[in-house]
Number of protein chains: 2
Amino acid sequence: MANRQTQLMTEARARGTINTTKLAGIIHGGDEIVRLRREAWSRVEAATGASETSKLPVQYALASREDLYREGLQEGKAAQDDMKRYHHTFFDVFTPRYRLSNYSPFGLTTWLIKPTLEHMATQEQKKRFQNPDWNWAYAQTELGHGTFVRGLETTASFDQARDAFVIHSPTTTSSKYWPGSLAFSASHAVVMARLLIGERDHGIHAFVVQLRDADGSLMQGIELGDIGLKSSYNQNDNGYARFDHVSIPRDNMLMARSQVSKNGIYSTLAAHPKAAYSTMLVGRVGVAQSAAFQLAQATTIAIRYSVVREQGTPAFGIQSNEVPVMHYKSQQYRLLTSLANAYAIHFATRHAEEMVKDFERRQAGGDYSTMANVHVVTAGIKAWATSVGFDGAADARKACGGHGYLSMSGLPEVVDAMDALCTLEGDNIVMFQQVARHLMKIMEGNKVDPNDSMRHTCEPIYSASQNLLDSTTQKNLFKHRATNLARRAFNSLQKSQAVGKSKSDAWNEHAMLLISAAKAHFSSIVLDQFASQIDILDAGREREVLRHLQSLFALAQITSPLSPDTASFFGPGLLHESEMEVVHQQTNVLLDTLVPEAVALTDAWDFSDASLASAIGMKDGNAYERLMSWTKQLPMNVEAAERGGMLKDVWERYIQPKAKL
Amino acid sequence: MANRQTQLMTEARARGTINTTKLAGIIHGGDEIVRLRREAWSRVEAATGASETSKLPVQYALASREDLYREGLQEGKAAQDDMKRYHHTFFDVFTPRYRLSNYSPFGLTTWLIKPTLEHMATQEQKKRFQNPDWNWAYAQTELGHGTFVRGLETTASFDQARDAFVIHSPTTTSSKYWPGSLAFSASHAVVMARLLIGERDHGIHAFVVQLRDADGSLMQGIELGDIGLKSSYNQNDNGYARFDHVSIPRDNMLMARSQVSKNGIYSTLAAHPKAAYSTMLVGRVGVAQSAAFQLAQATTIAIRYSVVREQGTPAFGIQSNEVPVMHYKSQQYRLLTSLANAYAIHFATRHAEEMVKDFERRQAGGDYSTMANVHVVTAGIKAWATSVGFDGAADARKACGGHGYLSMSGLPEVVDAMDALCTLEGDNIVMFQQVARHLMKIMEGNKVDPNDSMRHTCEPIYSASQNLLDSTTQKNLFKHRATNLARRAFNSLQKSQAVGKSKSDAWNEHAMLLISAAKAHFSSIVLDQFASQIDILDAGREREVLRHLQSLFALAQITSPLSPDTASFFGPGLLHESEMEVVHQQTNVLLDTLVPEAVALTDAWDFSDASLASAIGMKDGNAYERLMSWTKQLPMNVEAAERGGMLKDVWERYIQPKAKL
């Protein structure tokens, strides 16, 4: 039924001049894929009951620790079943709600285990372990140890008499802690543990440990449990594990790279020590992709709501009617720059994905020459995309005021899920430091692959007072700025070492400069890749509008309160401070061009209403009616309504005796 | 029992040279207050069971919508009872966990209703309505209407025959939505509604509506319910209300400012139309204070954890042992700059608080001359403190890696609660625009109170190349920068109007510049006030260290990735870009001085362990043992343990049939 809000939405959508179907094809890689995706989503949403958007989504009704886990089991199983039945991989990296697949208790198997076995198991082991009946956990991190693998304490002691390894948790801090699916969902785990043969410590190796029997009961000596509520990802039973001298067959150590023989002889095979590396690379690109989609979800909800939410009258204006908040420039700026970021990240990850694929092809032939470069690009894009994504999603939440703070808006969950992305698969600060390390090598003039993606960023070619809406000008400016920051960090390192500081101390001293340089390089790389993905599109309105988004992306890096280190865009060979005014003017012109396209630009991501699970952000714009309808369906309200609209025990215990003391 | 972590904490604490007791007195306003606070907290924590920190806090065990509400009732009641019994006001603004008092279903009465009745009720009404048995809601916002009061739709129609008003919700969007305590806890509400007398609309007025009988049952024609889970503040039953022609006595309209007579004559009394204004002013200062304490909580947890968390080895270092993450400069920078922000905000709010008190004194004598200034200062400090607070808390979460993402770390809840502060009691973007409006008036040379806090910020006096560790130099730099930004915005407005744009369009066009200027002014004001609070302290190590914090605060405004618009610190009469290096060097020197004091600087806030509710951030540093102990107490684990360590129905329904298709 049409009402004020649906009418506002219809009008706003009609203002768009782009073909959203065409743009959806560009985003998703072809019209056929768009069609197949829609079908897959529809089937899964029908299976879980999510497609009935008039019904309160289950996650807002039942939100205890255990309820959320069960929701994850249900959605995860529906997605897994659909992939098997219809032979696709849409839910390999993302869940149907665009969270990373480790949001589901079934996601780890494809996400981490498949590639681990691929690279680390022998042929015989692959056959034995690739059992479709098993559900896996990847047990690496411990209570006291994160991504620094060398610090792990869990031991795997060789027991020659029994031709076995004994897996053991010697301390509290050695308890495995955090692995997804570990608490109650996994039957088996890859356990990273310190290999001990006699007195000798051979470092960290991977072992396959059966956790539970076919009927789910715990294997001898194993203690498992949940680690409780997290900011998000409560659909997964991230868990802890303690091993009390658990014996596993010797040939459960993954032996493609190193082996232990029957009589305890340890040998390393010829394989490159980083053979399993591509698992991590693929993982990080997936995280960046997920950041793009989730940021797009948050801006889609916020833009749609801003189109129908009428609030306040313009300052100094003559009209007394309230206007949609999308009227306000500050709202336009916040939401459209975040939307531009989502597009930029999405297109930039394509490049990273191709680099990883190229690396995998080379790796198969024993060529590891591009590894350092691919490592840096995936680490950097992961860190950059998730930092920017989190900030943008958190800002989108704020841009929706009170209603954005409601779980039913869908925004809190997106923000909290984005937050996780900044930490998992490599902490962002650590990732930026690894990028910086590579940059400093380049500055030192170390031998670097001539095709290295960073290399060309060290040749300044921007000259001031050019047209900032020109793609080449933008790219040159960003490169020059990034180079300046790398040089600043490099010179600081040199100076510190010149006065006698160790390389280690110098590095630590200038960590913030190094991180800043790394971020700037990825601003530049994302811009480059976004631009070149636009370059190859057919001419047309969609390309024009994407080019405007590219310009908005670039200018927002210079002006946005969310952008770090904006000062570094100014200086000799860069922008002059007097140009700031031009930047602001051009930003306003871009916003005027893009605001009419805003709804179309969100529609093009092709999010189903069910995948957004937002009372205020669905496609029809019917925000208030839906929010009120969902509100009335909340269990506490339904329950109270059955009892005359009150919670009797609450009243009698807490409210009535209020003043009696 | 001592272990590695408690030992690391003891060592870190011993490095401090300040007297934490003395500093606690400075923070809280005297040693006696510190003592009284401790006693109050201890009593309330004993009453709720929170003081047993070996036990899993209830909010991590029972986290359904209804569980959290009950937790709020329990803690809220304990705090209210303690204040009554021991005659103090410690929990008027904050809950025992430093959330705003509207976190509890009892907090609204003191927070909003007491001052509303004070300013808007007649003497007779005060007597009638200040009933200690009643629990109140303040029902202003509606589903379709936020802080723009003029847009409210709820009607109060005068019914002369019955000498009554009829309260009614004519549309879906007119449903009251969001008021705290409204769903199940409140017996009465102040309802803001449009006064209609015959055909005439007299605008929004306040009406007292009884919602429930003494036994808690709903009054005729009233529908109430909960609005479901929010990002945080789930301890309060924020609710919705629909009124179906609810009749209330005529003298339930609050009549101190305007009246409706028996025969329907509307009259306005002599009182200043903004008589109720100080409610809002006090509220905003309270929000800023809460932001300071919650940011301090987040940094306390993160710093304590960083002291005991050993992770990784320094880059290029020779040692192979892992080091506490507090060793890393990036960690030091992130956490100490946020701690400095917490101190700065806390001390700056004292000034705002005094301004409000002064305004209230004047108001009592009919003097409203300082109102505009007090309004701007409270709006600005609220927006600035909560923006900076949220960013810092979110960054502290990230600085704690995976464990910071666990609910049991206490950090997610602080971050989410801080997020709310950016929206409630005046959206930050709206607040900054109001500040900007005042700034532009000053730029226009409008007549402004000579004591106006903003006024002097328009006289640039910084000259470059001075010592940035000097307090006066810092203050001048910040003022000059703020003035530049105000002038930039002003000139842009002028130019747009010169080419024929309306004032309203020009204002909207340059909204981002105006917001930026407003933020810069509050950076400057917070620095000023922080500095002057330090100026008046007795000489001593505490003052020295606070002065270092002030310098770190100032320099971080120039360099931090979290600081907006850092470019504006550079330019003629400001910093030269070559000085950036000096800023970085001085920052590092400050960090070297402050890191040994870090634990002491968090101890000085005197947070009880129970109020932090953090497994990883308690005073003893015993992070891992406590986290593991709490984990084992999680209900899902206890339940599973009773059943052989598995969830049988989960296994049979979801895991076993995994591959069967």
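Per chain, numbering begins at 1; letters A, B, ... match sequence-line order. Hydrogens, waters and symmetry mates play no part in the numbers below; they use all other heavy atoms, side chains included.
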Relative to chain A, which segment of B:R150 carries a heavy atom at a distance below 4.5 Å: side chain, backbone, both, or neither?
side chain

Bottom line for B:S516: the part with an atom under 4.5 Å from chain A's heavy atoms is neither

Side chain, backbone, both or neither: which part of B:I515 has a heavy atom under 4.5 Å from chain A?
side chain

Using 0.5 Å steps for rounding, measure from the NZ atom of B:K398 to the CZ atom of A:F390.
3.5 Å

Report the option among B:E223, B:Q433, B:K648, B:M408 that has the most heavy-atom pairs separated by less than 4.5 Å from atoms of chain A.
B:E223

Under 4.5 Å from any heavy atom of chain A, what part of B:I227 do you find: side chain, backbone, both or neither?
both

Which atoms of B:M636 come close to chain A, meaning under 4.5 Å heavy atom to heavy atom: side chain ones, backbone ones, both, or neither?
both

Examine whether an atom of A:S187 lies under 4.5 Å from a heavy atom of chain B, and if so say whether it belongs to the side chain, the backbone or both; otherwise answer neither.
both

Heavy-atom pair with the smallest gap, counting every atom of A:Q656 and B:D215
NE2-CA, 3.5 Å

Ring-plane angle category for B:F316 and A:W507, please: parallel below 30°, perpendicular beyond 60°, tilted otherwise.
perpendicular

Sub-4.5 Å side-chain heavy-atom contact between B:N135 and A:Y654
no

Given that the side chain runs from C-beta out, which part of B:T173 has a heavy atom under 4.5 Å from chain A: side chain, backbone, both or neither?
side chain

Has the side chain of B:N508 got a donor or acceptor atom that lies under 3.5 Å from a matching backbone atom of A:H327?
yes

Here the gap from B:W651 atom CH2 to A:S217 atom OG, rounded to the nearest 0.5 Å, amounts to 8.5 Å

Taking the side chain as C-beta and beyond, is there a heavy-atom pair between B:H403 and A:W178 under 4.5 Å?
yes

Given a strict heavy-atom distance threshold of 4.5 Å, which part of B:A506 is in contact with chain A: side chain, backbone, both, or neither?
neither

Test side chain to side chain contact (heavy atoms under 4.5 Å, CB included) on B:L406 and A:Y177; report intermediate values, then the result.
CA-CA 11 Å; B:L406 284 174; A:Y177 205 94; 3.8 Å; yes

Nearest heavy-atom approach of A:M628 to B:Y240 is CE-CD1, 3.1 Å

B:F570 vs A:S568, test: side chain to side chain contact (heavy atoms under 4.5 Å, CB included). Steps then yes/no.
CA-CA 10 Å; B:F570 298 83; A:S568 59; over 6 Å; no

So which part of B:L634 gets closer than 4.5 Å to some heavy atom of chain A, the side chain, the backbone, both or neither?
side chain

Counting only N and O atoms by type, is there a donor-acceptor contact under 3.5 Å from the side chain of B:D416 to the main-chain atoms of A:S231?
no

Residue, of B:D419, B:T587, B:I558, that accumulates the most heavy atom pairs under 4.5 Å with chain A
B:D419

If I compare all heavy atoms of A:P314 with all of B:S504, which pair ends up nearest, and what's the gap?
CB-OG, 3.5 Å

Counting heavy-atom pairs under 4.5 Å with chain A, the top scorer among B:N588, B:L411, B:D226, B:L424 is B:D226

